[in-house]
Visitor: 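I have a structure here, written as C-alpha cells, and I will follow up with some questions on it.
Quick note on labels: first sequence line is chain A, next is B, and so on, each numbered from 1. Note: hydrogens, waters and symmetry copies are ignored here, and every other heavy atom, side chains too, is used. Since this is a predicted model, take the numbers as computed values, not measurements.
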Amino acid sequence: MTPGPVSTTRVLALVGRGVLIETIRRKEFYVLAILVGAFALVAIGARVVGVEKPATGTFLLNLGMTIASAAAHILTLMTAVRQIPSEIENRTIHPLLAKPLSRTEYLVGKWLAVTLTGIVVWIVLLATAYLPVPKLEDYSQPLFLQTILLQFLSIGMLAALGICLSIFIPQAVNLVALGLLFFAGEKIARFISGRFVGTETERLAEYLSGYVPAFANLNTITRFTDGMGPIDMGSLAGLALYAVIISTAALTLACHAFNRRPL
Amino acid sequence: MPASSPLSLAGKAAALALFLAAPIMVGPLDPNNYQGGRSKDQGAIEERNTSAIAMMLGEFRTGMADMMFIKTERYLHYGVAYAPHIDLDKAAQSGEIAAKEHDAAGHDHDHEHGHDHEAPPAPDPLTVKPGDDRALEFARQFEEHQAVYKSGGVEPAHEGEEGHIEAPTMIRTAADDFRGFIGNLHRQVSPWKDPREAHIHADGTELLPWYRIMTLTDPHNVRGYMIGAWWLKSLGTEENVAEARKFIAEGIKNNPRSFQLHLMSGNILRAIARMERDKRRDDDALALEREALTAYRRAGDFAAKTRPADPSVEPWWSNYMEEDARASMRFAVLMERDFGTAPEAIRLANVYLKVVPDDVVLQRAARGEGFLDPAAAASSP
C-alpha cells in the first residue's frame, strides 16, 4: 500500500519543527538572551531607583529595543546561513529529501522556519527589554505596531538572503558579508553613491546603490522613541512590498540554484 | 536527480523584474528622514547625558555622531576636553540641569559647537548681504577661533581676568580632584591644561575628516554637513570650494527638506560666483547667482514650513535654528530682489512676514525699500 501524497503544510511543519528545536538547543540563543536579560536588570534597577528625567527613560527604551532587534537579527542570520551547508555536510539532507518533498518546498520550509524562529525570538527579547523600562513620555502606539511589523519583514528578508547566499558562498563569509550589510549597508551604499555626486554617473551610482538591501528603512525604533507619528499607509505598504520583493527574489534565486546543485 | 522545480519560467522572470525595479522604491521610502525628534533635541541630549543611568552605561549614552562632535571639540583645543556649560557638580548632587554661572562679560562654553569664546555679536541684519557667513553664529565663532589660531593660537586672557576659569576641563584640577596620585597620573597621560591658563587653539580645518565620518555614520546629521561644508569653503581655494559644493549637495540629497543645507548651498554658490567674477567670467557668475537664488528660495520655503508657530515652547528649535531660518528667508527675498523680479521679492517678503512678523529685513523689503537696479546688483559683491 503506497502512502498518499503529503500536504505542503505538513511538509513545511516537518522542516520547521527541526529548525526551531535546533535553534533552542544551540548556545547562541542563550548568549543573546543573557545580554538582553542583563539590560532588563539594569532597566528594573533604574525603575526601582527612580528615573526622574523623561529623556533618560526614552534613552533606555531606545537602547533596549535596539539591543533586542540586533540580537534577534543576529540569531536569525546565524541560523539562516548554516541551514543548508550544515545539512549537506552532515548528510542529513538526504533522508529529508528522500521524503515526498521537492527541493523548493524544502528550501521554502527552511526559510519559513528560520523567519518564524527569528520572529519568536524577537517577540521574547522585545518583551524582556520593553516591559521593565519606565515610559515617561508619549509614544505612538500605531507606530509601535508598525515597528513590529517592519521588524518581522526585516527578519524574513535577512533569512531569505542568508539562505540564498549559503548556496553560493562559505558559511563564514556569508555571516560576515550579511552582517556588514545589515549593520552598515546603508552607510556603505551612501558612501559609494556619495562619491559620484556632481558627476555624470551620479544617477546610475544612486540607482545601483539601491540594490544594497535597505534594512535601515525597516527599522523605525528611533522614530518611535523620538515621539514621531505613524508612517502613512502608502509608505508602509511600499516598505512591506519592498521586503517581499527582496525576499522573493532571494528565495527564487536560491531555489533555482539549489534545484541544479548536485548533493 | 533533483526533483523538478515547480517554479515556472514566468515566475522567475517576474521575480527578477521586480528585483531590478527595487531601487526605485527604496529611495522615497525612508521613514527615518524626518525633522525634529527627541534624539536631536539638544536639551534632551544634555539631560540624558548627565543622568546617573546614562553615566553608568558609559559611552552608550552618546550616539556615534555625538561622539564625533565631541571629538571635533577636542581637536579644536589639541585634545584638551573642556566641560560643557552645564554645571556638572549641581547635576551630580541634585540632578538639577542648570547652566554654569557666567561672569559679567557673558563668557560661555558653547556646547553645541564646542567653543569657549565670548559670543561674537550678530551684525546689523540690514547690512548683511546674501552669502555673508556673519549671519550664522557658528561661522562667527569659528572665524573668531581661526583668527586666534592664525595669530599664534593662544587665546589672550581678558582684561582683569587672569586666573579666571572660562571653561573647566573634564579632568579636574589637582585642587578639586579627590583621586590623589591617580588624578595626577590622569593629568599626565591625557591631554590636559590648567583651565586657568590661556586656551591654545588648533587649526579648525583638522576637523574635516571627522565631519566626513560623522556624515557617513549618520547621513541625517545636518549640522555635520553644514559645518563641514563651511570649513571647506573657508579654505578659499577653487578646489576646496568645489568640494564644499559637492559635500553640501550630498547633504541635500540625504536631507532634501533641510533648510540649513540649502542656505549653506546658496552661500557656497555665491562664493563660487565671486571667484568667477574675479576672473571676469560674468556669464558664468550670473548663472551661479541664479542657482544660488533657487537654493535660497528652497531654504526660505523650507524654513517657513519647519519653523514652529511658537518656538519658545518647542525645545528642539534652538537659537541656531532660529538664526538660520531668518537668514534663509532674508537671503531668499534679497536674492529675488537682486536677481529675480521686484514684485516677486515683495510678495515673498509678505509671505515670510506671516512666519516672522518682527523681522526688520523682511519688513523693509515688503515696503519695497532698498531695491536696486538688477543690473547694478549683478555687479555688486
Visitor: Taking all non-hydrogen atoms of both residues, which atom of A/Thr128 and which atom of A/Gly37 are closest, and how far apart?
Guide: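 Taking A/Thr128 first and A/Gly37 second, the nearest heavy atoms are CG2-CA, 4.4 Å.
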
Visitor: Tell me, side chain or backbone of A/Gln146 under 4.5 Å from chain B's heavy atoms, or both, or neither?
Guide: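 Neither part; nothing is under 4.5 Å.
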
Visitor: Does any backbone or side-chain atom of A/Asn62 lie under 4.5 Å from a heavy atom of chain B? Answer side chain, backbone, both or neither.
Guide: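 No part of it gets close to chain B.
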
Visitor: So does A/Lys110 pair up with A/Glu87, basic N to acidic O under 4.0 Å?
Guide: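 Salt bridge present between A/Lys110 and A/Glu87.
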
Visitor: Please rank B/Pro31, B/Ala15, B/Ala21 by heavy-atom pairs under 4.5 Å with chain A and give me the top one.
Guide: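 Most heavy-atom pairs under 4.5 Å with chain A: B/Pro31.
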
Visitor: What part of A/Ala216 lies closer than 4.5 angstrom to a heavy atom of chain B: side chain, backbone, both or neither?
Guide: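 Contact with chain B: backbone only.
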
Visitor: Is it possible for you to check whether A/Lys135 lies under 6.0 Å from the centre of the six-membered ring of A/Tyr130, through NZ or CZ, and within 45° of that ring's axis?
Guide: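 Judged by the rule, A/Lys135 and A/Tyr130 form a cation-pi pair.
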
Visitor: Are the aromatic ring centres of B/Tyr296 and B/His262 under 6.0 angstrom apart?
Guide: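 Not close enough - the centres of the two rings lie 6.0 Å or further apart.
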
Visitor: Taking the six-membered ring where the residue is Trp, are the ring centres of A/Phe215 and A/Phe183 under 6.0 Å apart?
Guide: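 No, the ring centres sit 6.0 Å or more apart.
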
Visitor: For A/Leu150, is it the side chain, the backbone, both or neither that has a heavy atom under 4.5 Å from a heavy atom of chain B?
Guide: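 For A/Leu150, neither part sits under 4.5 Å from chain B.
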
Visitor: Name the region of B/Leu16, side chain, backbone, both or neither, that has any atom closer than 4.5 Å to a heavy atom of chain A.
Guide: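 When you check distances to chain A, no heavy atom of B/Leu16 falls under 4.5 Å.
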
Visitor: I'd like to know which of A/Ala214, A/Ala184, A/Gly227 tops the heavy-atom pair count under 4.5 Å against chain B.
Guide: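 Highest number of pairs under 4.5 Å: A/Gly227.
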
Visitor: By a 4.5 Å heavy-atom criterion (distance strictly below it), what part of A/Ser209 contacts chain B: side chain, backbone, both, or neither?
Guide: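 Neither part.
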
Visitor: Determine the option with the most heavy-atom pairs under 4.5 angstrom with chain B, choosing from A/Thr58, A/Leu241, A/Asp138.
Guide: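 Between A/Thr58, A/Leu241, A/Asp138, the count favours A/Asp138.
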
Visitor: Is any side-chain N of the basic residue among B/Glu291 and B/Arg245 closer than 4.0 Å to the acidic one's carboxylate O?
Guide: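 The answer is yes: the pair qualifies as a salt bridge.
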
Visitor: Considering only heavy atoms and a distance below 4.5 Å, find which of A/Ile246, A/Thr248, A/Thr220, A/Leu239 pairs most often with chain B.
Guide: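 Ranked by heavy-atom pairs under 4.5 Å with chain B, first place is A/Leu239.
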
Visitor: Would you call B/Tyr225 and B/Asn254 a side-chain contact if the rule is heavy atoms closer than 4.5 Å?
Guide: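 Touching, per the 4.5 Å side-chain cut-off.
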
Visitor: Under the rule for ring pair (Phe, Tyr, Trp, His ring centres under 6.0 Å), what residues qualify as partners of A/Tyr139, not counting sequence neighbours?
Guide: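 Partners of A/Tyr139 under the ring pair (Phe, Tyr, Trp, His ring centres under 6.0 Å) test: A/Phe224.
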
Visitor: Heavy-atom pairs under 4.5 Å with chain B: which of A/Gly210, A/Ser193, A/Gly57 has the most?
Guide: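 Winner by heavy-atom pair count: A/Gly210.
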
Visitor: Out of B/Ala14, B/Ala22, B/Ala249, which one racks up the most heavy-atom pairs below 4.5 Å with chain A?
Guide: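 Option with the greatest count: B/Ala22.
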
